[in-house]
Amino acid sequence: MGAMDDEIRLIRGDLADARALPGPCEMVSGRLDGHPVILARSGIGKVNAALAASAMVSAGASAIVFTGVAGAVATGLGIGDVVVGDRFVQHDADGTAFGDPIGQLPGEPRYWAPDPQLRERVRQAALELAGGGAHAVVCGTIASGDQFIADPAQVTWLRRTFNASAVEMEGAALAQAASHLSVPFAVVRILSDSADGNAVADFPAFLAEASQRDRELAHALVAQQ
């Protein structure tokens, strides 16, 4: 699954026997290197991610991997580095009136965790593709919210409050939905900016590179099966 067309376009082009599926988002079934897969473009935001997760499970998905770009939060991470989520929080959730800490929805856990085996498969695939090159691959907290973060003060708050490594708009919603649906999930993000207004100078060119890296990761993951 990816939020934007550029995040799944190349993978879609590699599918054999591609067939559009009905649902609340663009969803295609097919075979990637001989393995049956379902590919979805959820759209941007938490509600879209949750809807897409439910639709994929209804269509027969037995696990979900979310790929795409995100903003860097943790000190030391930069453009092109990779964060594999090991904890997910919704930074715009505020249940403090009920005595819950900021970021926790009433009745929900403090955070959601991915399937450890699937997360490790994703991490290993990302490491192999990095090949000891210029880009780091780390596991860390991903903070999600229906906000585009471009303020250094917000970045500092995310780092201090959640010990976040990256910020985006879908991962924690997928985590919540997948947890309720009892389907294994993992999220991997390529960092496109520092979430403080300092994005790559040529974002379309970076997105094309990220799309190719998402494609390579998808092929590496199915090769593990």
Between V69 and F206, is there a side-chain heavy-atom distance shorter than 4.5 Å? yes
Taking atom OH as the centre, does Y111 end up with more than 12 heavy-atom neighbours from other residues, nucleotides or ligands that are less than 6.0 angstrom away? no
Is R121 reaching over with its side chain to a backbone N or O of L221, donor-acceptor style, under 3.5 angstrom? yes
Going by heavy atoms in the side chains, are V137 and V188 under 4.5 Å from each other? no
Check for a donor-acceptor pair, side chain of T156 on one end and backbone N or O of P152 on the other, with a separation under 3.5 Å. yes
Work out which heavy atom in A166 is nearest to a heavy atom in L191; give both atom names and the distance. CB-CD2, 3.9 Å
Work out which heavy atom in A125 is nearest to a heavy atom in L217; give both atom names and the distance. CB-CD1, 3.6 Å
Does the side chain of Q124 come under 3.5 Å of the side chain of Q224 through a donor N or O and an acceptor N or O? no
Under 4.0 Å between a Lys/Arg side-chain N and an Asp/Glu carboxylate O for R123 and E120? yes
Under 3.5 Å, is there a donor on one side chain and an acceptor on the other for E108 and Q104? no
Please answer: with hydrophobic residues joined when any side-chain heavy atoms are less than 4.5 Å apart, are I79 and M4 in the same cluster? yes
Looking only at heavy atoms, what is the nearest atom pair of G171 and R189, with distance? N-NH2, 4.2 Å
Less than 4.5 Å apart, side chain to side chain, heavy atoms only: is that true for D214 and I190? yes
CD/Q212: more than 12 non-hydrogen atoms of other groups inside 6.0 Å: yes
For side-chain contact (heavy atoms from CB on, under 4.5 Å), just list the numbers for I102 and W157, CA-CA rounded to whole Å, side-chain angles, deciding distance to a tenth of an Å, and then say yes or no. CA-CA 12 Å; I102 193 74; W157 180 80; 4.1 Å; yes
Please find out if less than 6.0 Å separates the ring center of F185 from that of F88. yes
Under the side-chain contact (heavy atoms from CB on, under 4.5 Å) criterion, do H91 and I149 qualify, and how do the steps go? CA-CA 11 Å; H91 66 77; I149 303 298; 4.1 Å; yes
Quick one: do N48 and E170 satisfy side-chain contact (heavy atoms from CB on, under 4.5 Å)? Show the steps, please. CA-CA 8 Å; N48 284 331; E170 296 87 22; over 6 Å; no
pair Q154-V167: side-chain heavy atoms closer than 4.5 Å: no
Verdict with reasoning, D92 to K46, per side-chain contact (heavy atoms from CB on, under 4.5 Å): CA-CA 11 Å; D92 57 353; K46 294 192 300 180; 2.8 Å; yes
Using atom types as modelled, flag every donor-acceptor pair under 3.5 Å from a side chain in residues 31-45 to any protein atom, sequence neighbours excluded.
| unit_1 | atom_1 | unit_2 | atom_2 | d |
| --- | --- | --- | --- | --- |
| R31 | NE | G34 | O | 3.2 |
| R31 | NH2 | G34 | O | 2.5 |
| D33 | OD1 | H219 | ND1 | 3.2 |
| D33 | OD2 | H219 | ND1 | 2.5 |
| H35 | NE2 | V222 | O | 3.2 |
| R41 | NE | E26 | OE1 | 2.9 |

Just so I know, are the side chains of L207 and S192 near enough to count as touching, which here means a heavy-atom distance under 4.5 Å? no
For F98 and P106 the tightest heavy-atom approach is CD1-CG, 3.8 Å
Side-chain donor-acceptor pair under 3.5 Å between E168 and S144, yes or no? yes
Going by heavy atoms in the side chains, are D81 and V138 under 4.5 Å from each other? no
What's the shortest heavy-atom distance between A172 and V89, and which atoms? CB-O, 3.3 Å
Is L181 reachable from M56 through a run of I, L, V, M, F, W or Y residues, each pair having side-chain heavy atoms under 4.5 Å apart? yes
Measuring from R215:CZ to R9:CZ, what's the distance to the nearest 0.5 Å? 9.0 Å
Flag side-chain contact, heavy atom, 4.5 Å: R213 against L129: no
Do P114 and V187 have side chains that get closer than 4.5 Å, going by heavy atoms? no
Non-hydrogen atoms of L174 and A186 that approach each other most closely: CD2-O, 4.4 Å
